[in-house]
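Let me begin by presenting the structure, written as structure tokens, before commenting on it.
Position 1 is the first residue of the sequence; numbering continues from there.
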Amino acid sequence: MQLSTATRGLILCLIPPLIWGGMFLIANDLATTVNAFHMTLIRYVIAAALLVLMLWRAEGLRALRVDGRLGRLFLLGSAGFAGFGLLAFTALRYTSPPNVSLIMAMMPAIGAVVGAMATRKLPAGYTVASILVAFAGVSLVITDGDYGRLFSGQLGLGELLALLGAVCWVTYTRGAIGFQGWSALRYTTVTTVLGCVSILVAVLIATGVGYVTAPDLEAVLGGWLHLAYLIIFAAVVAVLSWNKGIGLLGPLNGTLFMNLVPVVTFAIAMIRGYQPTVTALVGAGLVIAALLTNNYFSRRSARGIPVQPVPASVGAGGESEEARDATPSMLGSIFHNYENSSV
């Protein structure tokens, strides 16, 4: 039976949050023996090698060409893999996996904020209200209702790192404007390879200044099962599914699935013995409700507006040639049209 485009997009967008929901818990377990920097390097170097092999078999080595867009691809790969990977995993050193996953669910709201900054135009009123409610929910979770902990220095760094990581992933997801002619596999592979360069530089600096120490081979091999999950499922299967699914459904519908990430993380953590407080559950509920409400009103406001088909080749945006030509700079083009497609 031939599945419809919408059904295929739904399945593809459902896979990543289910995988990423468990990713932070697994990474947190592995971090006791392999630090976040070397974990990220090992993860993406192996993932890049697997993706190159897949691309070679599917499209040939010519697909590794950057077509004169090395700078932009390097920036996107650095944001999506070095930025997100290092920041989100380092955040686990200072806060809990459920907190990190909850901030990841804020990506649609983060996209609206970044879009407003790039376009110098405020989002719709309902989006602003939803963002404020969502951030209030996050604050309830991380403080457990005791806001004095924020000002006493007991909280904040881990959540800030996770927030910056989420901004990096939003940049990567929305930043493939102009790559409609590329397959999801090609875009993912090239950006992953280039992102590994930035990860390696970060690892060398962090090791050189003594922030981290290189794990021994025994520690790495001892965590092979955790690494297998982080590499095969979280870095290859999930990212490919995400890029392809966003291309089929479009950013407005696709990013809605990120709301499932904290649900999965909280569920797994509770099965493993984690007991969130009532305040934390209320805060998580506020975040998800705010994002769902914003998506609902965004859909309503979009009714009656002609929508151009989103190419299925790349899942990061569907901007026209005219819009790209009107964008004055690389960073401007990356963030162009956030307010209309981020949430």
Side-chain angles (χ1 to χ4, degrees), residues 14-40 42-43 84-107 134 136-150 152-163 165-166 212 215 218-235 237-238 257-291:
L14 184 62
I15 291 172
L18 295 179
I19 293 175
W20 290 333
M23 176 179 69
F24 298 112
L25 293 165
I26 290 174
N28 191 53
D29 291 343
L30 183 61
T32 58
T33 54
V34 181
N35 66 77
F37 281 75
H38 288 87
M39 184 195 309
T40 303
I42 294 168
R43 176 190 180 196
F84 171 76
L86 292 173
L87 290 168
F89 282 6
T90 301
L92 294 171
R93 186 172 180 175
Y94 305 99
T95 190
S96 68
N99 284 7
V100 174
S101 69
L102 186 63
I103 291 175
M104 293 303 119
M106 294 285 295
M107 286 183 185
V138 169
S139 70
L140 276 178
V141 173
I142 65 177
T143 65
D144 200 24
D146 182 5
Y147 287 95
R149 298 168 66 188
L150 285 174
S152 64
Q154 298 179 46
L155 294 169
L157 180 57
E159 288 73 23
L160 176 61
L161 291 174
L163 182 62
V212 298
E218 182 180 357
V220 174
L221 294 179
W224 72 269
L225 194 58
H226 296 74
L227 285 170
Y229 182 93
L230 294 174
I231 294 167
I232 297 173
F233 293 103
V237 175
F257 287 83
M258 288 304 296
N259 296 317
L260 292 175
V261 173
V263 175
V264 175
T265 303
F266 270 83
I268 296 174
M270 290 172 70
I271 292 173
R272 298 175 64 180
Y274 173 69
Q275 296 182 341
T277 64
V278 173
T279 303
L281 290 175
V282 169
L286 280 176
V287 172
I288 296 172
L291 297 176

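- Annotation: side chain of Leu260 is not in contact with side chain of Trp20 (no heavy-atom distance under 4.5 Å).
- When all heavy atoms are compared, the tightest approach of Ala238 to Pro16 is O-CG, 3.3 Å.
- With sequence neighbours excluded, no residue forms a side chain to side chain donor-acceptor pair (under 3.5 Å) with His226.
- Within the 4.5 Å cutoff, the side chain of Glu159 has no heavy atoms near those of the Leu163 side chain.
- Between Val220 and Pro215, the closest heavy-atom pair is CG2-CG, 4.0 Å.
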Open item on the list: Determine whether Val34 and Leu227 satisfy the following criterion, side chain to side chain contact (heavy atoms under 4.5 Å, CB included), listing intermediate values before the conclusion.
Closed with: CA-CA 10 Å; Val34 181; Leu227 285 170; 5.7 Å; no
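- Distance CG/Leu160 to OH/Tyr94: 11.5 Å, rounded to 0.5 Å.
- For Phe233, the CZ atom sits in a loose shell: 12 or fewer heavy atoms of surrounding residues, nucleotides or ligands are nearer than 6.0 Å.
- Shown here for Ala290 and Ala134, the closest heavy-atom pair between the two residues is CB-N, 3.8 Å.
- Judged by distance alone, the side chain of Thr90 and the main-chain N or O of Leu86 form a donor-acceptor pair under 3.5 Å.
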| request: Determine, stepwise, if the pair Phe89 / Phe84 fulfils side chain to side chain contact (heavy atoms under 4.5 Å, CB included). | output: CA-CA 8 Å; Phe89 282 6; Phe84 171 76; 5.7 Å; no
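- Looking at Tyr229, its side chain never comes within 3.5 Å of a backbone N or O of Ala27 through a donor-acceptor pair.
- Using modelled atom types, one side-chain atom of Thr265 and one backbone atom of Gly21 make a donor-acceptor pair closer than 3.5 Å.
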Output, in order, the C-alpha distance, side-chain angles, deciding distance and verdict of side chain to side chain contact (heavy atoms under 4.5 Å, CB included) for Leu30 and Arg43.
CA-CA 12 Å; Leu30 183 61; Arg43 176 190 180 196; over 6 Å; no
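- Considering all non-hydrogen atoms of both residues, Leu92 and Phe24 come closest at CD1-O, 3.6 Å.
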Please walk me through it: do Ile103 and Asn99 pass side chain to side chain contact (heavy atoms under 4.5 Å, CB included)?
CA-CA 6 Å; Ile103 291 175; Asn99 284 7; 5.6 Å; no
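- Smallest separation of non-hydrogen atoms from Met23 and Ala234: SD-CB, 3.7 Å.
- Of all heavy-atom pairs spanning Ala91 and Val100, the tightest one is CB-CG2, 4.1 Å.
- The shortest side-chain heavy-atom distance between Pro276 and Met270 falls under the 4.5 Å cut-off.
- With sequence neighbours excluded, the residues satisfying ring pair (Phe, Tyr, Trp, His ring centres under 6.0 Å) with Phe37 are Tyr211.
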